[in-house]
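One structure below.
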Amino acid sequence: PRAINPEREIRADSLAIDTPGRRLTSARMYGRGWVGAKPDSATGERDWLEGDTVLATFAPSDSTPTKDVLRSVEARGRARSYYRVVDATRPGPPSISYVRGDLIVVVMRPRPGRVHETMTIALPRPRNKLAAEYDITRRNVLRAIDRSLAEDRVAAAGGGAVSPWV
């Protein structure tokens, strides 16, 4: 099955779409889950993310509360993503990013995106999820995500905030 709207396409062997009160809150894709962004106007290609299981969460738009926008997407198991970044200050084709991993988490922000931090994961495959090095790496990744969202969380909480990740 697949679901398509002007902003995105999702597909998988099995889809579960949550719409309480007629508001889109999440989409769960099981078995070859795939989510693609709006097609590029010049090439028709989509930026995409896929995995054995994919979870996409949605929330009301800050500018249009009646519209639900993608806030985060998480791919687990044989996760891959492909996206292009156009640099308006540099002529030529866009930069291309292709990522593979056991887990890929993308958090959307209402303001223009930026790379907060790049991390190289040097754990051997197959990864031992019970090893101390795996846990340290996992915590470092989650802390990096937390740092990237800290200013929004502090503003929303009206002060300090505690990390939900660790």
Side-chain angles (χ1 to χ4, degrees), residues 1-86 94-119 138-139 141-166:
R2 69 184 196 169
I4 301 173
N5 76 12
E7 299 297 316
R8 70 193 61 83
E9 176 181 352
I10 60 174
R11 57 184 182 232
D13 292 340
S14 191
L15 291 176
I17 299 174
D18 299 318
T19 57
R22 299 179 58 118
R23 296 303 302 255
L24 177 62
T25 59
S26 68
R28 297 180 310 277
M29 295 145 259
Y30 301 103
R32 296 182 305 197
W34 184 93
V35 60
K38 183 178 184 176
D40 181 85
S41 60
T43 66
E45 293 182 41
R46 294 178 187 265
D47 294 344
W48 53 265
L49 181 133
E50 71 179 1
D52 293 337
T53 302
V54 177
L55 169 64
T57 58
F58 300 85
S61 168
D62 293 337
S63 59
T64 312
T66 58
K67 181 180 177 183
D68 297 315
V69 295
L70 184 64
R71 288 295 186 207
S72 69
V73 64
E74 175 182 304
R76 293 182 175 274
R78 294 184 294 185
R80 301 184 312 145
S81 74
Y82 170 86
Y83 63 95
R84 291 151 302 179
V85 178
V86 175
S95 297
I96 295 175
S97 179
Y98 176 75
V99 178
R100 294 183 331 171
D102 298 324
L103 171 67
I104 298 173
V105 178
V106 179
V107 178
M108 308 299 188
R109 300 179 68 164
R111 291 181 295 286
R114 62 182 163 70
V115 175
H116 175 75
E117 188 171 333
T118 301
M119 303 176 93
R138 178 185 158 279
R139 288 174 183 262
V141 168
L142 294 174
R143 284 187 184 118
I145 294 169
D146 197 44
R147 285 191 302 273
S148 76
L149 299 172
E151 63 194 45
D152 291 341
R153 210 175 278 124
V154 168
V162 176
S163 170
W165 305 106
V166 290

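Hydrogens, waters and symmetry mates are skipped; everything else that's a heavy atom, side chains included, is used. No experiment lies behind these values; they were computed from the predicted model shown.
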Starting at [atom1] of [X], measure out to [atom2] of [Y] and round the result to the nearest 0.5 Å.
{"X": "Glu9", "Y": "Trp34", "atom1": "CD", "atom2": "CH2", "result": "4.5 Å"}
{"X": "Glu50", "Y": "Arg11", "atom1": "CD", "atom2": "CZ", "result": "8.5 Å"}
{"X": "Thr53", "Y": "Asp13", "atom1": "OG1", "atom2": "CG", "result": "10.0 Å"}
{"X": "Ser81", "Y": "Asp47", "atom1": "OG", "atom2": "CG", "result": "9.0 Å"}

Can you name the nearest heavy-atom pair linking [X] to [Y], along with the distance?
{"X": "Arg46", "Y": "Arg84", "result": "C-NH2, 3.6 Å"}
{"X": "Arg8", "Y": "Asp68", "result": "NH2-O, 4.4 Å"}
{"X": "Pro1", "Y": "Ala12", "result": "CD-O, 3.0 Å"}
{"X": "Tyr30", "Y": "Ala16", "result": "CE1-CB, 4.5 Å"}

* Asked: Within a radius of less than 6.0 Å around CZ of Arg76, do more than 12 heavy atoms belonging to other residues, nucleotides or ligands occur?
  -> no

* CZ (Arg78) with more than 12 external heavy atoms under 6.0 Å -> no

* Answer whether the closest heavy-atom distance between the side chains of Arg80 and Tyr98 falls below 4.5 Å. => yes

* Are side-chain heavy atoms of Ile10 and Ile17 found at a separation under 4.5 Å? -> yes

* Asked: Using the ring of each side chain (for Trp, its six-membered ring), is Trp48 parallel, tilted or perpendicular to Tyr82, with breaks at 30° and 60°?
  -> parallel

* Trace of the side chain to side chain contact (heavy atoms under 4.5 Å, CB included) decision for Leu70 with Phe58 -> CA-CA 4 Å; Leu70 184 64; Phe58 300 85; 3.7 Å; yes

* To do: List for me each residue that meets side-chain hydrogen bond (donor to acceptor under 3.5 Å, both in side chains) alongside Asp18, sequence neighbours excluded, and say none if there are none.
  => Ser26, Arg28

